[in-house]
Amino acid sequence: LWPWLLASSGLSTLVQLVTLPFFPDSPSYLLIQKGNEEACRKAIRKLWGEGDHQAEIDDIMKEKAAMTSTKTLRVLEVIKERSLRWQLYILMTVMTTLQLCGINAIYFYSFEVFHTAKFEEYLIPYVSLGVGLCECLSSILCSTLIDRFGRKVLLWGGYTLMCSVLALLTMTLSLQHQFFWMHYCSVILIFLFVIFYGIGP
């Protein structure tokens with residue numbers, strides 16, 4: 001079953017390869033990058049139907065004018081630019097914490113935790129699949145929560161909850177040989193960690 005499950009991702013790729021040539025190019029790409037207004041109008045008509053789309057073309061032209069007036073900075077220029085310093089610090093902090101938050105360790109050691117929790121060998125891959133599904137569903141949930149609470153609240157809340165879960169997971173893994181039910185607590189905490197990761201960072 002697993003080889004077929006892994007190969008199924010190739011099906012969506014095949015569908016994209018077959019259907020992509022029939023999709024029109026982006027109107028903004030045709031007008032801004034290629035400078036072809038007629039092809040842009042044709043693409044707009046194909047996407048939105050017949051009618052007067054001059055307002056959309058004017059918007060694209062304004063975008064093109066804004067892009068030409070904006071100076072493109074090199075990496076070193078971005079680092080040296082004082083007005084971008086705080087944005088750069090925030091970006092570096094978010095990306096660093098994302099890499100060091102522990103999600104890779106959770107995925108790497110989850111198999112061992114499930115095995116220690118006395119799950120049947122044939123069930124462990126499905127439980128691991130459930131962990132991945134939890135991340136997928138929590139990411140979808142995050143897209144609805146971000147408009148309501150904002151990115152900052154989700155980041156702080158997500159990292160706080162993940163930190164608490166990791167502390168509890170460390171405790172349950174340390175006590176798993178003394179109490180038989182600690183294994184199941186560890187499994188629940190793994191699922192919770194992945195959910196909080198999907199909602200937060």
Which atom of [X] lies closest to which atom of [Y], heavy atoms considered:
{"X": "Leu154", "Y": "Cys142", "result": "CD1-SG, 3.9 Å"}
{"X": "Leu189", "Y": "Val165", "result": "O-CG1, 3.3 Å"}
{"X": "Glu38", "Y": "Arg45", "result": "OE2-NH2, 3.9 Å"}
{"X": "Leu166", "Y": "Cys101", "result": "CD1-O, 3.6 Å"}
{"X": "Ile106", "Y": "Val194", "result": "CG2-CG2, 4.2 Å"}
{"X": "Phe23", "Y": "Thr19", "result": "CD1-O, 3.1 Å"}

Atom pair [atom1] ([X]) and [atom2] ([Y]), whose distance is rounded to the nearest 0.5 Å:
{"X": "Glu120", "Y": "His115", "atom1": "CD", "atom2": "NE2", "result": "10.5 Å"}
{"X": "Leu30", "Y": "Ile44", "atom1": "CG", "atom2": "CD1", "result": "9.0 Å"}
{"X": "Leu84", "Y": "Ile90", "atom1": "CG", "atom2": "CD1", "result": "11.5 Å"}
{"X": "Lys34", "Y": "Cys40", "atom1": "NZ", "atom2": "SG", "result": "13.5 Å"}
{"X": "Leu175", "Y": "Trp181", "atom1": "CG", "atom2": "CH2", "result": "8.0 Å"}
{"X": "Leu31", "Y": "Glu37", "atom1": "CG", "atom2": "CD", "result": "6.0 Å"}

Examine distances only and state if a side-chain atom of Arg41 and a backbone atom of Ile57 form a donor-acceptor pair shorter than 3.5 Å.
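Not at all, since once roles are kept as given, no pair shorter than 3.5 Å links the two residues.
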Do Glu77 side-chain atoms and Arg74 backbone N/O form a donor-acceptor pair below 3.5 Å?
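Confirmed, Glu77 side chain pairs with Arg74 backbone.
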Look at the aromatic rings of Phe114 and Phe191 and report parallel, tilted or perpendicular, splitting at 30° and 60°.
tilted
Can you hop from [X] to [Y] via hydrophobic side chains spaced under 4.5 Å?
{"X": "Tyr184", "Y": "Phe111", "result": "no"}
{"X": "Tyr29", "Y": "Leu47", "result": "no"}
{"X": "Ile195", "Y": "Ile146", "result": "yes"}
{"X": "Phe196", "Y": "Ile188", "result": "yes"}
{"X": "Phe193", "Y": "Leu98", "result": "yes"}

Within 6.0 angstrom of Tyr107 OH, more than 12 heavy atoms from elsewhere:
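Atom OH in Tyr107 is crowded, with more than 12 foreign heavy atoms closer than 6.0 Å.
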Glu112, CD: over 12 other non-hydrogen atoms inside 6.0 angstrom:
no
Going by side-chain hydrogen bond (donor to acceptor under 3.5 Å, both in side chains), name the residues that satisfy it together with Thr172, two or more places apart in sequence or in a different chain.
Ser186
Quick one about Tyr197 and Ser138 (side-chain donor to acceptor, distance below 3.5 Å, no hydrogens or angles considered), yes or no?
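Side chains of Ser138 and Tyr197: no pair found under 3.5 Å.
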Test side chain to side chain contact (heavy atoms under 4.5 Å, CB included) on Leu141 and Leu137 and set out the steps.
CA-CA 6 Å; Leu141 178 63; Leu137 293 174; over 6 Å; no
Chi angles and distances behind the side chain to side chain contact (heavy atoms under 4.5 Å, CB included) call for Met92, Leu88
CA-CA 6 Å; Met92 286 171 63; Leu88 194 62; 4.1 Å; yes
Side-chain contact, heavy-atom cut-off 4.5 Å: Gln54 with Asp58?
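Yes - at least one pair of side-chain heavy atoms lies under 4.5 Å apart.
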Mind checking side chain to side chain contact (heavy atoms under 4.5 Å, CB included) for Tyr89 and listing every partner two or more places apart, or none if nothing turns up?
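Side chain to side chain contact (heavy atoms under 4.5 Å, CB included) list for Tyr89, sorted by chain: Arg85, Trp86.
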Can you name the one residue among Thr96, Thr97, Ile103, Asn104 that meets side-chain contact (heavy atoms from CB on, under 4.5 Å) with Leu100?
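The option that passes is Thr96.
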